[in-house]
Amino acid sequence: MSQATQTSTRRDVLGTSALRPDGVAKVTGQFEFSSDLHAEHMLWGATLRSPHPYARIVNIDLSAAYKISGVEAIITAEDVPGKKTYGLISSDQPVFADQVVRYMGEPIAAVAADHPETCRRALAAIKVDYEILQPVTDAEVALLPNTMPMHPDGNLIRHQRIIAGDQNLQGEVIVEGVYEIGMQDQAFLGLEAALALPDPGGAGVEMWVATQWLHEDRKQIAACLGLPETKVRLTLGGVGGAFGAREDISLQVHCALLALRTSRPIKMQYGREESFFGHVHRHPAKIYIRHHATRTGVLQRIEAKMYFDGGAYASTSSAVLINGVTHIQGPYKCANATVDGYAVRTNNPPCGAMRGFGVVQACYAHESQMDKLAAACNLSPVEIRLINAMQTGDKLITGQVVESVAPVARCIRETDAIAMPAPLAKNADPLELVGGTGLTSLPENIVRGVGWGVSIKNLMYSESFDDFAVARCRLSDGVATLKYATVEVGQGFVVLAPQIARTILGVDEVVLDTVDTGIGSAGSTSASRQTWMSGGAVDGACRLVRQKLFEHVGAKFDIDPMRLVVEDTDIVDMIGDFRISVVEASTGVVIDETFEHHHRPTEELDADGQGNCHVAFAFVAHRAVVDVDVELGLVKVIQIATAQDVGRVLNPVAALGQIEGGIAQGLGLAIMEEIVLDNGKMRNPSFTDYLLPTALDAPKVVAVMIEEPEPQAPLGAKGIGEPPCISVTPAIAAAIRNATGKELPRVPIRPQDICL
Amino acid sequence: MSVVVPRTLTDALSAMAANPSALLLQGGTDLMVEINFNHRKPVDVIALRRVAELRAVKIDGKTISIGAGLPYQEMETGQIAQLVPALGQAARTVGSPQIRAAGSLGGNLGTCSPAGDGLPVLSALDAMINLRSASASRAVSIHEFMVGVKRNAKMPDEIIVSATMPIVRGWQGYAKVGVRNAMVISVASCCLVVDRAAGTVAVALGAVGPTVIRCRQAEQWLATKVDLKQTATIDAKLAAEFGQRVATEARPIDDHRSTADYRRHAVAKLSGRLLQRSGAQ
Ligand SMILES: Cc1cc2nc3c(=O)[nH]c(=O)nc-3n(C[C@H](O)[C@H](O)[C@H](O)COP(=O)(O)OP(=O)(O)OC[C@H]3O[C@@H](n4cnc5c(N)ncnc54)[C@H](O)[C@@H]3O)c2cc1C
């Protein structure tokens, strides 16, 4: 179970490539993921799921399953003591399907038994009679007036339009397209797992869980259990990646319910196949879009209709939609817009948060359009983007003024300045060629292409949501102890937080306390927000402690605390020659401070999509160089050049890790990663058939980090997690178009899309 | 559940005779996946890892026999890759280093998936599969061994001991299309072997039918068009026509990995390219 983590004691301050305290353990297999959790006398929990995308449950017969020895409990919808549904924004998703299943994989029952194999047998013995219904699997069809609503809340989750400026303007140049994005999976490697320990008498429950947001989980779990939040205590279990898929509840409520029902510890964990059914995915989207511009390529108006397929339950669809419609202009000035966006309910698997959150879909469409516009105006991809690049002070189509640092043109220019890779050598190592180990292609079969993508991404939550973060710092005897509920999913807060404390306090030794609900919320580890939000909270708490320490030293040595500063590991008098080490100054004292960081407030969009709905923005440019075997439709991405607006680099290695990882994920969406659906049924829920890029697919990444500190951000640093995966997808698609001359309006681009 | 770990082939065969329903485990890279997916329940297992005889490689000048338990990594380079280059190339395309350290031809034949990468090579080389039971031994042609999708002619009490194939003078190659550059199940694959002594060509296709497909008609057609006893540059037009003919012998299907049309197209291109490569050397 989680414990306090001792971090490295080197002078790992901000700006250095301090190493992660959990890095070696993860690489050598020592790290304890939540799937490694264990308790004495625990039982195993498992979930029965619907094989049908849409059906009425006629009857559930548990009698045969109960007869299996070792089965301790079986629960269904009627055993949920509190609220029967949960959800991040609207509570529309049943804990267990109640009379109707709306997607393949929807939970129907959960069992607790002495062994996973007993669980498996019990699940097989539960008899469910279904009346199969015809699933609705197309978002546009789901909205037709004669389509029956599949949920009491209806098939429309949210509609949002944006009406900006002149609604009748016609450009001298008009380009249009219809773009589609397939369903991507977050595919984190550490699968869903949790351990629940019931309090005596069922008064409460303690849980260890791999999640993105402990406090939001607690809120939803407590409501379903019918317990006050204080009776549900959550500690973070080791998380192996998240990418949005752990924002929603998966097995948490089931696990807690079984623990309370059996009065025994319950362990639940998903395998890879179940994981595909157990979490939300990236929204597939269809975008109809038209750009109006002058003959010289100046963007004047955008018209768009955007459909996001939310699947059976709402999850964060309404927020994803808002991100989609408000980012459809891209990082370009544009005064006039007519946009209609729909988040729609279908019988496909539920979709919600995934890295890039609605902007990925918008970006694929607007960047594909910018290339069409460039071609129509006889400009290069770089020229069209520079002509239209937005700047700080520009007004978005929502009426919001971009106050963030906005070095869009600089991102493009610095990316353009990165050297191109060497041309393909005639005697290249076959493993370096398209097709890799398959030996499909020789240099003469290969055409090289180049493409561009540039993006704008909002940071933090939007539309009046106050996603604050709390942190506490305790200093004593030269050791700083940090306490927060900030979830580490791999992004690196475990290394950043001590870096902040060392920098502010001049300490060497930093202890990270257990991450749990024993302190206020840190908000979700998502929306590129934790460096800004929890970083701001740790920074604030450390500054409060430092102030107290200065006061303590001032009083003791009779110096005005205002004259004291931290210099390396000492406290020094700016004017005199007094100097004392932080260790000595803090010996025998205990200073304990808590700080709550809020970003500036935002507003909801009005009916015309107007309002200051976002906190801040980050920008990035990507240039992709790809090799394509045009005859076979095979692709290898050779190089991604990128310049990213990061505000300030706090840890160069960690920043590069985010950039390289995001690029691999965006590459996946461009050419291979897709959940294949057939009438609502998932066809490839395994890593055999859901393909992720391997080392031989990952491109060489040449990254430039543009440091223009963001005045709004507590550390000057912008969130950098999402931007790397957003515009790389359209950049790769554009490069493939460049090599093949095909329109390729859909990602992932499959071999048959290129060569047939 | 029991696990027997014999050290000799004789012990393994008696264990099989005693319990013909036992599952044979070599590298486990297919079997363990099936067990994890709950497609099979392990009851009794005979683990072949310790049976050195199953890893033997025997060369007699004209033929080479490769033990059923030899891991792919031993075929990627060295003598096997030199004498049977197509097998070396096929071995290199299998999975990841970890899979190639464990997986074997015996397992590929045991599973008998039409996408198994070793099988088109064995087919193009007309390999003989050597089978033994406690009481008998027999050799079956690869063409009779592969019966259907994941079905083969092995009897329950038999162990696959090795595969024997000719050492061919000429050219041979293997090529496989997958949607990523490594670690991928074949969407379509092709093995082409030119026997300069006999003046013949053999083409076998993977993942485009219920079992591996030999393209006999295209092979015969080609033999009437070029003198395969000589090395000669193959012009693009001939290669393309050959590819078209190969493709008509494929029997691909649509599934979540690809489409029948693409698979047919891919084997046309792969076979045409392999033919051109054979002429370039
Ligand atoms: C991640 C991954 C990637 C893969 N990639 C590929 C790939 O690219 N190409 C490919 O072709 N395959 C691939 N495979 C499948 C697998 O590795 C191969 O089919 C391999 O050849 C199986 O060999 P094995 O020794 O591991 O077989 P096992 O799993 O041990 O056995 C497979 C079957 O054969 C039977 N068997 C094994 N040995 C004998 C014997 N001597 N006599 C009789 N029956 C026997 C077993 O009983 C079992 O039914 C992959 C598998 C994984 C897990």
Side-chain angles (χ1 to χ4, degrees), chain A residues 117 120-121 123-124 271-273 430-442 444-445 627 629-637 667-668 671-678 681-698 748-756, chain B residues 1 30 33 36-38 41-42 76 85-86 88-97 100 115 117 173-191 206 236 240 243 254-270 272-274 276-277 280:
Chain A
E117 182 56 29
R120 200 144 50 189
R121 286 181 198 159
L123 295 182
R272 178 59 59 190
E273 184 179 4
L431 289 189
E432 300 287 310
L433 301 178
V434 180
T437 61
L439 304 179
T440 52
S441 320
L442 293 177
E444 65 256 30
N445 306 122
D627 280 352
D629 181 328
V630 179
E631 278 186 346
L632 282 175
L634 303 177
V635 176
K636 182 175 168 82
V637 182
L667 180 151
I671 57 175
M672 62 180 86
E673 285 187 47
E674 181 174 12
I675 291 179
V676 180
L677 293 167
D678 179 2
K681 291 204 173 187
M682 213 186 279
R683 299 291 306 276
N684 57 339
S686 78
F687 279 174
T688 305
D689 288 318
Y690 182 90
L691 297 183
L692 296 164
T694 68
L696 274 186
D697 302 289
I749 296 168
R750 298 159 296 198
Q752 59 266 34
D753 300 331
I754 296 174
C755 69
L756 291 187
Chain B
M1 183 179 155
D30 274 326
V33 175
N36 280 341
F37 273 108
N38 217 21
K41 294 262 174 239
E76 284 177 53
Q89 292 167 3
R92 178 63 185 88
T93 75
V94 174
S96 59
R100 296 196 293 279
D117 283 311
Y174 181 74
K176 153 181 165 183
V177 168
V179 181
R180 65 184 171 194
N181 290 308
M183 261 287 273
V184 67
I185 292 186
S186 171
V187 158
S189 72
C190 179
C191 180
D254 282 333
D255 65 13
H256 56 279
R257 288 184 193 138
S258 190
T259 63
D261 287 348
Y262 177 76
R263 288 182 158 115
R264 201 181 288 284
H265 171 84
V267 292
K269 294 294 169 201
L270 291 181
R273 285 181 185 185
L274 288 173
Q276 286 203 290
R277 285 180 207 171

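Each chain gets a letter, A, B and so on, in the order its sequence line appears, and its residues count up from 1. Heavy-atom basis, side chains included; hydrogens, waters and symmetry copies ignored.
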A/Leu442 side, atom CG; B/Gln276 side, atom CD - distance, nearest 0.5 Å: 9.5 Å

Side chain, backbone, both or neither of A/Asp678 within contact of chain B (heavy atoms, under 4.5 Å): neither

Side chain / backbone / both / neither for A/Glu273 at chain B, heavy atoms under 4.5 Å: side chain

Heavy-atom pair count under 4.5 Å with chain B, highest-scoring of A/Pro748, A/Ala695, A/Ser441: A/Ser441

Heavy-atom closest pair, residues B/Lys41 and A/Glu117: NZ-OE2, 3.1 Å

Heavy-atom check, side chain of A/Leu691 versus side chain of B/Arg257, under 4.5 Å: no

Part of B/Tyr174 lying under 4.5 Å from any heavy atom of chain A: backbone

Heavy-atom pair of closest approach, residues B/Ser258 and A/Gln752: OG-OE1, 4.2 Å

With A/Thr694 via side chain to side chain contact (heavy atoms under 4.5 Å, CB included) - residues at least two apart: A/Leu696, A/Asp697, B/Arg180, B/Ala182, B/Met183

Side-chain donor or acceptor of B/His256 paired with backbone N/O of A/Met682 under 3.5 Å: no

Residue A/Ser686 versus chain B: region with a heavy atom under 4.5 Å: side chain

Engaged part of B/Asp117 at the chain A interface, taking heavy atoms whose separation is under 4.5 Å: neither

Test side-chain contact (heavy atoms from CB on, under 4.5 Å) applied to B/Val179 and A/Arg750, step by step: CA-CA 8 Å; B/Val179 181; A/Arg750 298 159 296 198; over 6 Å; no

Interatomic distance, B/Asn181 atom CG to A/Leu431 atom CG [nearest 0.5 angstrom]: 9.5 Å

Between A/Asp689, A/Thr688, A/Leu634, the one whose heavy-atom pairs under 4.5 Å with chain B are most numerous: A/Asp689

Residue part contacting chain A, namely of B/Arg273, when any heavy atom lies under 4.5 Å: side chain

Contacting moiety of B/Val184, where chain A heavy atoms sit under 4.5 Å: side chain

Non-hydrogen atoms of B/Lys269 and A/Leu632 that approach each other most closely: CB-CD2, 3.6 Å

Partners passing side chain to side chain contact (heavy atoms under 4.5 Å, CB included) against B/Ala260 (at least two apart in sequence or in another chain): B/Pro252, B/Asp254

